Asker: 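First the structure, then my questions, so here it is.
The structure displayed is predicted, hence computed values, not measured ones.
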Amino acid sequence: MKAFLRRFARNYGALFGVSILLVVLFLAATASLLYEDSPWTMVAAPLIAPFTDAALPLGTDMLGRDITAGMLYGARVSLLVGLVSTLVALVFGILIGAVAGYGGGRIDDALMRLTEFFQTIPQLAMAVVIVAIFSPSLVTIVGAIAVVSWPPVARLVRAEFMSLKQREFVQAAVVTGQKPLRIIASQILPNALSPIIVTASFMVATAILTESALSFLGLGERNMMSWGYMIGAARTMLRQAWWMSVWPGLAILLTVLAINLIGEGLNDALNPQLRQRGE
């Protein structure tokens with residue numbers, strides 16, 4: 001662990017990403033403490049410009065709602081959807097990939113045909129259709145993003161399992177009579193975690209972008225403020241109130257950039273070749 005942290009700390013971009021993400025997490029966690037009222041509440045006159053009122057540092061929208069409060073509460077939705085949908089997609093993708101990679105044969109062929117079917121459909125288009133069919137809610141958004149996100153994980157895990165099951169330590173476990181489930185859980189999966197962790201970090205960023213796109217299109221959770229909804233609501237006010245779309249757009253940009261930088265740092269720290277070169 002110390003060697004991993006040392007390698008990760010050498011990547012200044014990754015440290016910058018961690019700093020940004022920690023700030024976003026802190027603001028999301030303290031949103032209800034800093035702003036007790038709902039972000040939907042009209043608190044002042046409409047279209048107050050940023051930095052003209054200390055109580056409203058980022059200004060107000062066309063209905064007089066505090067944009068700062070919306071930004072903080074929107075961070076909760078984006079991070080929650082990104083993390084939960086990625087977790088669900090990882091569980092499903094690892095399960096499919098492990099069964100296909102370890103089992104092989106007809107099981108592998110059937111599961112890979114299923115995976116390829118999902119990959120032939122554009123992710124955003126499928127997510128839009130799923131959310132529209134089951135009506136927009138936090139559960140359906142998370143489910144839709146998970147459905148379109150698991151295929152790359154399944155293919156990655158399958159490739160790792162097909163490679164690792166040929167190794168000597170796995171063959172030794174088979175010879176000693178260990179059951180396949182135990183071999184997968186104790187021998188193969190722990191050795192395949194590095195690329196899965198790196199992939200998961202990029203999946204979180206993609207999930208945040210997908211949630212923002214859904215909210216922008218009016219398919220977000222109607223009772224929860226989100227960055228995508230704020231941008232969508234501001235598209236008719238670009239000339240009169242630029243700040244309504246700029247602030248949530250910057251928030252999405254910085255958060256996704258931070259997660260991608262962290263993913264690159266994890267890739268460098270967990271990459272076996274870089275590990276040997278650095279040590």
Asker: Start with the C-alpha gap between Asp268 and Arg7, add the side-chain angles, then the distance that decides, and say whether salt bridge (Lys or Arg N to Asp or Glu O under 4.0 Å) holds.
Answerer: CA-CA 8 Å; Asp268 292 344; Arg7 290 191 298 270; over 6 Å; no
Asker: Assess the residue pair Arg65 and Val43 against the criterion (side chain to side chain contact (heavy atoms under 4.5 Å, CB included)); give the C-alpha distance rounded to whole Å, side-chain angles, the decisive distance to 0.1 Å, and a yes or no.
Answerer: CA-CA 6 Å; Arg65 296 174 297 200; Val43 297; over 6 Å; no
Asker: Any donor and acceptor pair, going by atom type alone, linking the side chain of Thr60 with main-chain N or O of Leu47 inside 3.5 Å?
Answerer: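 Side chain of Thr60 to backbone of Leu47, a donor-acceptor pair under 3.5 Å: yes, one is there.
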Asker: Without swapping roles, check the side chain of Thr140 against the backbone of Ser137 for a donor-acceptor pair under 3.5 Å.
Answerer: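 Here the side-chain-to-backbone pair exists.
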Asker: Considering only heavy atoms from C-beta outward, does the side chain of Val24 approach that of Leu79 to under 4.5 Å?
Answerer: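 Val24 reaches Leu79 side chain to side chain.
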Asker: Does CG belonging to Leu181 count more than 12 external heavy atoms closer than 6.0 Å?
Answerer: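 No, the 6.0 Å shell around CG holds no more than 12 heavy atoms from other groups.
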Asker: Grouping I, L, V, M, F, W and Y whenever their side-chain heavy atoms are under 4.5 Å apart, do Leu209 and Val77 come out in a common cluster?
Answerer: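 Hydrophobic grouping puts Leu209 with Val77.
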Asker: To the nearest 0.5 angstrom, please state how far the OG1 atom of Thr255 sits from the CD1 atom of Ile20.
Answerer: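 Rounded to the nearest 0.5 Å, the OG1-CD1 separation comes to 8.0 Å.
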Asker: Mind checking the CH2-CG spacing from Trp243 to Leu58? Nearest 0.5 Å is all I need.
Answerer: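 Taking CH2 in Trp243 and CG in Leu58, the distance rounds to 11.5 Å.
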Asker: Are Arg222 and Tyr229 in a cation-pi setup, meaning NZ or CZ lies under 6.0 angstrom from the ring centre and within 45 degrees of the ring axis?
Answerer: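 Judged by the rule, Arg222 and Tyr229 form no cation-pi pair.
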Asker: Rounded at 0.5 Å granularity, tell me how far CG in Leu193 sits from CG in Leu270.
Answerer: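 CG of Leu270 is found 9.5 Å from CG of Leu193.
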Asker: Just by distance, do the side chain of Asn191 and the backbone of Gln187 share a donor-acceptor pair under 3.5 Å?
Answerer: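 Side chain of Asn191 to backbone of Gln187, a donor-acceptor pair under 3.5 Å: yes, one is there.
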Asker: Should the heavy atoms of other residues, nucleotides or ligands under 6.0 Å from CD of Gln240 be counted, would the total exceed 12?
Answerer: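 It does: Gln240 CD has more than 12 such atoms within range.
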Asker: More than 12 non-hydrogen atoms from neighbouring residues, nucleotides or ligands closer than 6.0 Å to CE on Met42, yes or no?
Answerer: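 Open: at most 12 neighbouring heavy atoms sit under 6.0 Å from CE of Met42.
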Asker: With no hydrogens and no angle check, is any side-chain donor or acceptor of Arg182 less than 3.5 Å from a backbone partner on Lys179?
Answerer: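 No; judged by distance alone, with no hydrogens or angles, the pair does not exist.
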Asker: Keeping the roles fixed (side chain from Thr115, backbone from Pro151), state whether a donor-acceptor pair exists under 3.5 Å.
Answerer: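 Absent.
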Asker: Has Ser163 got a side-chain atom pairing as donor or acceptor with Glu160's backbone, closer than 3.5 angstrom?
Answerer: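 Not a single qualifying donor-acceptor pair exists.
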Asker: Is it the case that over 12 heavy atoms from other parts of the model lie below 6.0 angstrom from the CG atom of Leu250?
Answerer: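 For Leu250, atom CG is crowded (more than 12 foreign heavy atoms under 6.0 Å).
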Asker: Do Leu138 and Val84 have side chains that get closer than 4.5 Å, going by heavy atoms?
Answerer: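 No, too far: nothing below the 4.5 Å cut-off.
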Asker: Kindly give the heavy-atom pair with the smallest separation between Leu238 and Ser245, and that separation in Å.
Answerer: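 Looking at all heavy atoms of both residues, the closest pair is CD2-OG, 3.2 Å.
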Asker: Identify the heavy atoms of Tyr102 and Pro180 that sit nearest to each other, and give their distance.
Answerer: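 That closest heavy-atom pairing would be CE2-CB, 3.6 Å.
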Asker: Decide yes or no on side chain to side chain contact (heavy atoms under 4.5 Å, CB included) for Leu189 and Ile196, but give the supporting numbers first.
Answerer: CA-CA 10 Å; Leu189 188 57; Ile196 295 174; 4.3 Å; yes
Asker: Can you name the closest pair of heavy atoms from Pro190 and Ile184 and give their distance?
Answerer: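 That closest heavy-atom pairing would be CD-O, 4.1 Å.
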Asker: Decide if atom CZ of Arg106 counts as having more than 12 heavy atoms of other residues, nucleotides or ligands within a radius under 6.0 Å.
Answerer: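 Atom CZ in Arg106 is not packed in, count stays at 12 or less.
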Asker: Is there a path of hydrophobic side-chain contacts, each under 4.5 Å between heavy atoms, that joins Val81 and Leu21?
Answerer: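 Same cluster: Val81 reaches Leu21 through Ile, Leu, Val, Met, Phe, Trp or Tyr contacts under 4.5 Å.
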Asker: Can the ring centres of Trp40 and Tyr35 be said to be less than 6.0 Å apart?
Answerer: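 Not under 6.0 Å, so no.
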Asker: Heavy atoms, side chains only, cut-off 4.5 Å: are Leu87 and Phe92 in contact?
Answerer: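 Of all side-chain heavy-atom pairs linking Phe92 with Leu87, none is under 4.5 Å.
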Asker: Where is the tightest heavy-atom contact between Gly82 and Ala207, given as atom of each residue plus distance?
Answerer: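 For Gly82 versus Ala207, the nearest heavy atoms are CA-CB, 3.7 Å.
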Asker: Can you confirm whether Phe134 is buried at CZ, in the sense that more than 12 heavy atoms of other residues, nucleotides or ligands lie under 6.0 Å from that atom?
Answerer: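 Open.
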Asker: To the nearest 0.5 Å, tell me how far Leu83 CG sits from Ser85 OG.
Answerer: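 These two atoms lie 8.0 Å from each other.
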Asker: Of all heavy-atom pairs between Ala100 and Met112, which one has the smallest distance, and what is that distance?
Answerer: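 Closest approach of Ala100 to Met112: CB-CE, 4.0 Å.
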Asker: Out of Ile252, Leu219, Ile141, which one pairs with Glu211 under the side chain to side chain contact (heavy atoms under 4.5 Å, CB included) rule?
Answerer: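 When Ile252, Leu219, Ile141 are each tested with Glu211, the side chain to side chain contact (heavy atoms under 4.5 Å, CB included) holds only for Ile141.
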Asker: When clusters are formed by joining ILVMFWY residues with side-chain heavy atoms under 4.5 Å apart, either directly or through shared neighbours, do Leu56 and Met237 land in the same one?
Answerer: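 Leu56 does not cluster with Met237.
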Asker: Any chain of hydrophobic side-chain contacts (each under 4.5 Å) joining Val88 to Leu95?
Answerer: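 Each belongs to a different hydrophobic cluster.
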Asker: Out of curiosity, Phe4 CZ to Ser194 OG, how far, rounded to the nearest 0.5 Å?
Answerer: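 Answer for the CZ-OG pair, Phe4 versus Ser194, is 8.5 Å.
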Asker: Using only atom types and a distance under 3.5 Å, with no angle test, would you say the side chain of Asp37 pairs donor to acceptor with the backbone of Thr41?
Answerer: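 Checking the backbone N and O of Thr41 against the side chain of Asp37, no donor-acceptor pair under 3.5 Å is found.
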Asker: Tell me, please, which residues at least two apart from Glu264 pass side-chain contact (heavy atoms from CB on, under 4.5 Å).
Answerer: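 Glu264 satisfies side-chain contact (heavy atoms from CB on, under 4.5 Å) with Phe202, Leu261 only.
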Asker: Please name the pair of heavy atoms, one in Ile130 and one in Ala144, separated by the smallest distance, quoted to 0.1 Å.
Answerer: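 Smallest heavy-atom distance, with atoms named: CG2-CB, 3.8 Å.
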Asker: Leu217 versus Val128: any side-chain heavy-atom pair under 4.5 Å?
Answerer: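 Yes, at least one pair of side-chain atoms sits under 4.5 Å.
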Asker: Do Leu253 and Met244 sit in one hydrophobic cluster, given that two such residues count as connected whenever their side-chain heavy atoms are within less than 4.5 Å of each other, even indirectly?
Answerer: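 Yes, Leu253 connects to Met244 through the hydrophobic network.
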Asker: Calculate, to the nearest 0.5 Å, the distance between atoms CH2 and CZ belonging to Trp150 and Arg155 respectively.
Answerer: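 Here the interatomic distance stands at 10.0 Å.
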Asker: Keeping Ser201 on the side-chain end and Val198 on the backbone end, is there a donor-acceptor pair under 3.5 Å?
Answerer: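 Side chain of Ser201 to backbone of Val198: a pair is present.
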Asker: Taking the side chain from Ser149 and the backbone from Ile145, do they hold a donor-acceptor pair closer than 3.5 Å?
Answerer: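 Yes: the side chain of Ser149 pairs with the backbone of Ile145.
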Asker: Under 4.5 Å between any side-chain heavy atoms of Arg76 and Tyr73, yes or no?
Answerer: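 They are in contact (side-chain heavy atoms under 4.5 Å apart), so the answer is yes.
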Asker: Find out whether Met203 and Leu90 are in side-chain contact, i.e. whether some heavy atom of one side chain is under 4.5 Å from a heavy atom of the other.
Answerer: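 When only atoms from C-beta onward are counted, Leu90 and Met203 do touch, with a gap below 4.5 Å.
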Asker: Are the side chains of Pro248 and Phe216 in contact, using a 4.5 Å heavy-atom criterion?
Answerer: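 Phe216 vs Pro248: side chains apart.
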Asker: Check whether any side-chain N or O of Gln171 sits under 3.5 Å from a backbone N or O of Lys165 as a donor-acceptor pair, and report yes or no.
Answerer: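 It does hold such a pair.
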Asker: Within the structure provided, determine whether Phe118 and Met126 are in side-chain contact (heavy-atom separation under 4.5 Å).
Answerer: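 Heavy-atom side-chain distance check passes, below 4.5 Å.
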